[in-house]
Amino acid sequence: MRPLPWRAAKLVEIRQETRTARTLAFAVPGWPGHLAGQHVDVRLTAPDGYSTQRSYSLAAPEDGDRVELTVELVADGEVSPYLTEVLEVGDLVELRGPVGGWFVWRPESARPVLLVAGGSGLVPLMAMIRARRRSAGLAPFHLVYSIREPAQRLYPAELDRPDPGLRVDYLYTRATPGGYGRPPGRITRADLLTADPDADCFVCGPTGFVEAAADHLIALGHDAARIRTERFGPTGG
Amino acid sequence: MAIVSRGFQGRRREESVKLPPGQYLTYDFPVLSAGPTPRIPLDRWEFAIDTEAGQTHRWTWPELMALPAEQPTVDLHCVTKWSKLATHWRGVSLDVLMADVETTAEYALVYSYGGYTTNLPLEDLLDGKAWIAYAFEGEELEPQHGGPARLLVPHLYLWKSAKWVRGIRLLHEDWPGFWETAGYHDYGDPWREQRYQGD
């Protein structure tokens, strides 16, 4: 089998999603396509030949040679400050992928899906929501999305638009919008009570969040074999 | 020839530190696993080696604790790009566990509580290269890092160091494990950057 090649990726569009996160759309000639939930390796090379790599989740389903990533700034990171603050339309990076054959959702599945996102862990789950919408899929989707405060919501306008069969619940850990029924706080078992106990579960976020959410799901009787997780720590930026 | 990204400088690492290609240094200990963290009570824990002839060698937790332990200091390299240097472990060498196991098998399929599997050649588990580890930096191994015990085989990418290890099947044929059937490399040598199939 041939190795996955590094491909030149030219930035064609930037969308500022929050104060610290932006979506980068690249044109990647020869891109082989991907499944919702997969990720790519990004390689940056400096003029003196120094290079470094990081992995980022794909934010959108397959779309020809267009590849979208949503990158959150990690304050002391090496790569995310460049991607979120320096990179401009027309600039080049290298991409390799797609990678990962486990944390994926396939549009042909009609099974109910529970998505549990912590912070920028929403990104690969958003690719699943978009893939479902594009395929006019029948699978009922339920997103439980935990963020610190309203201004940190990724894709708010898109998630507020009606999308039949998609339910979205927000959990705020520090500050809620005015009049919000749930007080601020970390995810609890009660936040997952309304989830379909038979759903295929995809949980993505920082380690502490994923550990807590997966433990709650197990305690609520979800089958461990139906819970797929993707975790990222404070490093990785 | 790599493409230069305009305006990227990057951080230079210390000259003395040599990392495998594509890896960067981290000082914390990120967690990566594909599903929920299994919780295994020690009174029900066991570790087994199953030979190709159908023999099974088993150890309970007290039996594992009674075996001579080693305290390896090793570098960890995760396929997700981070490397963590000079980590301190305590565990039982696979050489000790394999001492009375009769086998002519060439391959091992490691299996875990929770259903995870990973494969490697048996020789990569022998001659001081692998341990069943149960303590990390002087503390008992936390469940999220694979406790009560995980395989530690640090010369390969960390997904080969199966968390929550439950046993090893010895085989004449190479059976791909969990990540190996999901696009990752069959062997996974970080110094040859064997991340994905075909690398």
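Below, chain A is the first sequence line, B the second, and so on; all start at residue 1.
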Taking side chain as C-beta onward, heavy atoms only, is Phe8(B) less than 4.5 Å from Thr52(A)? yes
Under a 3.5 Å threshold, yes or no: a donor from one side chain and an acceptor from the other, between Glu72(A) and Ser80(A)? no
Between Glu85(A) and Arg22(A), does at least one N-O distance fall below 4.0 Å, as a salt bridge requires? no
Residues from residues 97-111 of chain A approaching chain B under 4.5 Å (heavy atoms): Val99(A), Gly100(A), Gly101(A), Trp102(A)
Heavy atom to heavy atom, less than 4.5 Å: which residues from residues 136-168 of chain B reach chain A? Gln144(B)
If you tally heavy-atom pairs under 4.5 Å between each of Leu44(A), Val93(A), Leu4(A), Val210(A) and chain B, the highest tally belongs to Leu44(A)
Does Glu230(A) come within less than 4.0 Å of Arg228(A), counting only side-chain N to carboxylate O? no
Atom of Val40(A), atom of Trp31(A) and distance for their closest heavy-atom approach: CG1-CH2, 3.4 Å
Under 3.5 Å side-chain donor-acceptor pair for Glu70(B) and Trp131(B): yes
Is a side-chain N or O of Arg130(A) found less than 3.5 angstrom from the main chain of Ala59(A), in a donor-acceptor match? yes
Checking an interface table here. Which of residues 212-219 of chain A come within a heavy-atom distance under 4.5 Å of chain B? Ala214(A), Asp215(A), Ile218(A)
I'd like to check Thr173(A) versus Ser146(A) (side-chain heavy atoms, cut-off strictly below 4.5 Å). Are they in contact? yes
Please report the interatomic distance CG(Leu94(B)) to CG(Asp124(B)), rounded to the nearest 0.5 Å. 11.0 Å
Any carboxylate oxygen within less than 4.0 angstrom of a Lys/Arg side-chain nitrogen, looking at Glu123(B) and Lys129(B)? no
Any sub-3.5 Å donor-acceptor pair from Asp75(B)'s side-chain atoms to Ala86(B)'s backbone N or O? yes
Between Arg169(B) and Glu52(B), is there a salt bridge with N-O shorter than 4.0 Å? no
Apply salt bridge (charged side-chain N to carboxylate O under 4.0 Å, His left out) to residues Glu78(A) and Arg11(B) and explain how you reach the verdict. CA-CA 7 Å; Glu78(A) 180 184 23; Arg11(B) 281 189 201 145; 5.8 Å; no
Structural part of His39(A) lying under 4.5 Å from a heavy atom of chain B: side chain
Run the salt-bridge test on Arg226(A) and Asp200(A) with the 4.0 Å N-O cut-off and return the result as yes or no. yes
Write out, in numerical order, the residues from residues 174-199 of chain B with a heavy atom short of 4.5 Å from a heavy atom in chain A. Phe178(B), Trp179(B), Ala182(B), Tyr184(B), Glu193(B), Arg195(B), Tyr196(B), Gln197(B), Gly198(B), Asp199(B)
What's the spacing between Tyr107(B) OH and Leu120(B) CG if we round to 0.5 Å? 11.0 Å
Examine distances only and state if a side-chain atom of Arg39(B) and a backbone atom of Thr37(B) form a donor-acceptor pair shorter than 3.5 Å. yes
Ignoring hydrogens and geometry beyond distance, is a side-chain donor-acceptor pair present between Thr23(A) and Glu17(A) at under 3.5 Å? yes
